[in-house]
Amino acid sequence: MFTIGDFARHGRVSVRMLRHYDAVGLLRPARVDPHTGYRFYTADQLAGLNRVIALKDLGFTLEQVGAILDEKIDADELRGMLRLRRAELEAALEAARARLAQVGARLRAIESEGRMSTQDVVVKKVPAVRVAELSAVAASFGPEDITPVIGPLYEELCGRLESAGVTGFGPAVAYYEDAGKGDGSVRVHAATTVPDGTAAEGVEVHVLPGIEEAATIVHRGSMDGILPTVQTLAAWIDTNGYRSAGYARELYLECPEDPAGWVAEIQEPIVRD
């Protein structure tokens, strides 16, 4: 038999944790000295400890772990719990990846401060275009909220247009407006230019008004890295006697499978300050 200290070392856990598991009935010692109260464990109990730790690391509560070990939860229920936990972990991983991408974008913006050329900013009139679109509300204008909304919108939009037999649509145009809730939420419009007479079920087709005067700049690469480009545009607007007149549009000129090859024109409406 092992003392509680030896058993803790072999199980790679703390003595305090073993005492807690004993207190809640998850892993009782094989023997307790009636005179000293010392706890003793056997090597066979390492298997039970491993199961407790594994289930706990999967996110189950100690109460759930106890029910699983006592076989109070049948195999179907356990499979369902594991599938749910897997989905939660996958969602957390995806959120972590998105946060990592945004940290990278902010870092690139900081590194490019004072070094990005503003010579490529062009002021021009943006013509009106006929578009088909789907829209939804994002919690904010931050990329972490926009990206999960706009991607599925475009997938759904293209699918509906193709099902309706619409051909020759594109390029895509994304535009934004306040959702009107007073909480910073934004209505995201995922649109694509379409020929006259286009119709598809569940898709809004209309003429997107032009912009009388827009400051434009071309962004190359993934939209996850757009921050330095839009901040370069903002600096140009501020230093050239203009002010912004609304959310910028994004005109997607080239969208190959690899986002690193994307080319988009950012079109921000401006007025003289």
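Heads up: numbering here begins at 1 and tracks the sequence. These values consider heavy atoms only, across backbone and side chains, with no hydrogens, waters or symmetry-generated copies.
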Closest approach of Gly5 to Val15 (non-hydrogen atoms, all atoms of both residues): CA-CG2, 4.0 Å

Proximity of Phe141 and Tyr247 rings by center, below 6.0 Å: yes

Leu18 and Phe7: CA distance, side-chain angles, deciding distance, side-chain contact (heavy atoms from CB on, under 4.5 Å) verdict: CA-CA 9 Å; Leu18 287 176; Phe7 189 74; 3.7 Å; yes

Exam field: side chain Arg12 to backbone Ala8, donor-acceptor pair closer than 3.5 Å: no

side-chain contact (heavy atoms from CB on, under 4.5 Å) between Phe2 and His10, intermediate numbers included: CA-CA 9 Å; Phe2 298 102; His10 285 91; 3.9 Å; yes

Donor-acceptor pair, side chain of Asp258 and main chain of Gly261, under 3.5 angstrom: no

Sole residue of Val121, Thr216, Asp238 in side chain to side chain contact (heavy atoms under 4.5 Å, CB included) with Leu233: Val121

CZ/Arg130: more than 12 non-hydrogen atoms of other groups inside 6.0 Å: yes

Arg28 atom CZ: more than 12 heavy-atom contacts under 6.0 Å: yes

Test item: Val218 and Asp120 side chains (from C-beta on) under 4.5 Å apart, heavy atoms: no

Tyr175 versus Glu250, side-chain donor and acceptor atoms under 3.5 Å: no

Euclidean distance, Phe169 CZ relative to Leu161 CG, rounded to 0.5 Å: 5.0 Å

Any side-chain heavy-atom pair of Val65 and Phe60 under 4.5 Å: yes

Nearest atoms (heavy-atom pairs only) where Val194 meets Val205: CG2-CG1, 4.3 Å

Hphob cluster co-occupancy, Ile217 + Val126, side-chain heavy atoms under 4.5 angstrom: no

Linked, directly or transitively: Val230 and Val188 (ILVMFWY side chains, under 4.5 Å): yes

Arg19 vs Arg39, side-chain contact (heavy atoms from CB on, under 4.5 Å): CA-CA, chis, key distance, verdict: CA-CA 9 Å; Arg19 287 176 177 153; Arg39 298 169 174 88; 3.7 Å; yes

Phe40 side, atom CZ; Thr3 side, atom OG1 - distance, nearest 0.5 Å: 7.0 Å

Hphob cluster co-occupancy, Met1 + Leu46, side-chain heavy atoms under 4.5 angstrom: no

Check: Pro29 and Ile4 side chains under 4.5 Å, non-hydrogen atoms: no

From NZ (Lys56) to OG1 (Thr61), nearest 0.5 Å: 11.0 Å

Nearest heavy-atom neighbours spanning Ser244 and Ile237: N-CG2, 4.1 Å

Residue pair Ala190 / Leu157: nearest heavy atoms and the distance that separates them: O-CD2, 3.4 Å

Main-chain N/O of Gly170 paired to Thr192 side chain as donor or acceptor, under 3.5 Å: yes

Cation-pi check, Arg249 onto Tyr176 ring (under 6.0 Å, within 45° of axis): no

Close side-chain approach of Arg160 and Leu134, heavy atoms under 4.5 Å: yes

Closest non-hydrogen atom pair, Leu251 against Pro171: CD1-CG, 3.8 Å

Minimum side-chain heavy-atom gap Tyr21-Val52 below 4.5 Å: yes

Common cluster, Ile53/Ile68, ILVMFWY with side-chain heavy-atom separation under 4.5 Å: yes

Same cluster (ILVMFWY, side-chain, under 4.5 Å), Ile266 and Trp262: yes

Carboxylate-amine/guanidinium contact Glu88 Arg83, below 4.0 Å: no

salt_bridge(Arg187, Asp178) N-O dist < 4.0 Å: no

Short side-chain to backbone donor-acceptor contact, Ser163 and Gly159, under 3.5 Å: yes

Spacing of OG belonging to Ser135 relative to CD belonging to Glu177, to within rounding of 0.5 Å: 8.0 Å

Between Asp183 and Ser185: side-chain donor-acceptor atoms closer than 3.5 Å: yes

Under 3.5 Å side-chain donor-acceptor pair for His219 and Glu265: no

Nearest atoms (heavy-atom pairs only) where Ser140 meets Asp145: OG-OD2, 2.5 Å

4.5 Å side-chain heavy-atom contact, Tyr252 and Met223: yes

His206 side chain vs Pro209 backbone, donor-acceptor pair below 3.5 Å: no

Side-chain heavy-atom pair Val137, Lys181 within 4.5 angstrom cut-off: yes

side-chain contact (heavy atoms from CB on, under 4.5 Å) between Val123 and Asn240, worked out: CA-CA 11 Å; Val123 176; Asn240 282 272; over 6 Å; no

pair Arg51-Leu69: side-chain heavy atoms closer than 4.5 Å: yes

Check: Pro228 main-chain N/O paired with Gln231 side-chain donor or acceptor under 3.5 Å: no

